[in-house]
Amino acid sequence: MQQLQKRLILITGANKGIGYATVDTLLSQPTPYNIILTSRDAKLGEKALETLQNKRPESSSALTYHQLDVNDDKSVENLVTWIQKNNKKIDVLINNAGIAYSSTNDEQKKLTVRTNFFSVVNLTEKLIPFLSEDGKVLEVSSRVGSLARQGETLRNALSDASLTEEKLKEIANNIIELTQDFKPFSIVSESSYPASKALLNAYVKNFLPTKLKATQQAYAIHPGWVKSDLGGLEAPGTLEEGADTIVYLTNLPFTIHPELNARLIADRKVIDF
Ligand code: NDP
């Protein structure tokens, strides 16, 4: 009997939080995947791998670990070289790693935009050549990145019909100046986290699809407000709930879903960018 080829998933920031819960959920279900779990801290990543392998010994050979700090060029290069050398084709790239501060100075604002926007774009584009013909890119974003949540200056800049990719990066580089009129809402007290996700949403909506083949697709995902180091203890959702839409999109048949492609998805449904 012909063996079914397992699809390969690569996920960032999976030593804890939603990324870890995503791997755990994917391993628990009937669809078999091979998964490359990555983390910036090798010790934490290997520990996560070991815990998952002990919990699910039947799928322990499906898991591989590779170090990846998305902000570190050398680390990204090491991963790309390893993928190339091992002839790997990625079926699902899940860019999950992200950071948020509750209040920020300018350096932290820049680091937030770097981690949640520039490094996601960079890794996505470095890995597109290794994406399978019908591969998917899942960019973990947030509802707080919706245009309606941004200050007027950033909202106008990102909704400009003549927005180019170059202009998007220029906006990202000037995020401190462009978010002066941001107004805190709910638990979001600082501007750079929502701005970083708004930039990522604009990338998924306008530019990422142009870099993919017609048979490949990309999604931005709002995982829900869930309890994690980033989401905080007062968040209503669990990590498993946070993994749900990511797992759902991963499991969808590898055919084009025009109603979901290049959209922002929460609770398995399209929501406004
Ligand atoms: P956690 O803080 O629990 O996990 C974040 C993960 O990202 C950790 O593994 C962290 O590694 C990793 N990470 C941070 N910086 C880097 C880096 N430079 N390179 C590689 N990995 C890095 O957060 P969540 O699980 O809650 O968040 C996951 C994603 O979901 C994020 O993109 C977040 O913005 C998004 N999200 C979360 C929501 C929530 O309510 N929790 C709501 C909406 C969106 P380390 O352990 O080393 O710090």
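Because the structure is predicted, anything quoted here is derived from the model rather than measured. Every number for a ligand or one of its atoms is a count from 1 in the order of the listing.
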**Message:** Looking at every non-hydrogen atom in both residues, tell me the closest pair between Thr115 and Val70 and how far apart they are.
**Reply:** CG2-CG2, 4.3 Å
**Protein residues that have a heavy atom under 4.0 Å from any atom of ligand 1, sorted by chain and number** = Gly13, Asn15, Lys16, Gly17, Ile18, Arg40, Leu68, Asp69, Val70, Asn71, Asn96, Ala97, Gly98, Ile99, Thr115, Val140, Ser141, Ser142, Tyr193, Lys197, His222, Pro223, Gly224, Trp225, Val226, Ser228, Asp229, Leu230, Gly231
**Request:** Scan residues 44-102 for pairs that pass ring-ring contact (aromatic ring centres under 6.0 Å, His included), counting only residues two or more places apart or in two chains.
**Result:** His66-Trp82
**Request:** Scan side-chain atoms only and decide if Ser103 and Glu190 contain a donor-acceptor pair under the 3.5 Å cut-off.
**Result:** no
**Request:** Could you tell me whether the side chain of Asn96 and the main chain of Val140 form a donor-acceptor pair under 3.5 Å?
**Result:** no
**Message:** Which heavy atom of Gln216 sits nearest to which heavy atom of Ile256, and what is that distance?
**Reply:** O-CD1, 3.8 Å
**Request:** Before accepting this row, confirm whether a basic side-chain N of the pair Asp272/Arg263 lies closer than 4.0 Å to the acidic partner's carboxylate O.
**Result:** no
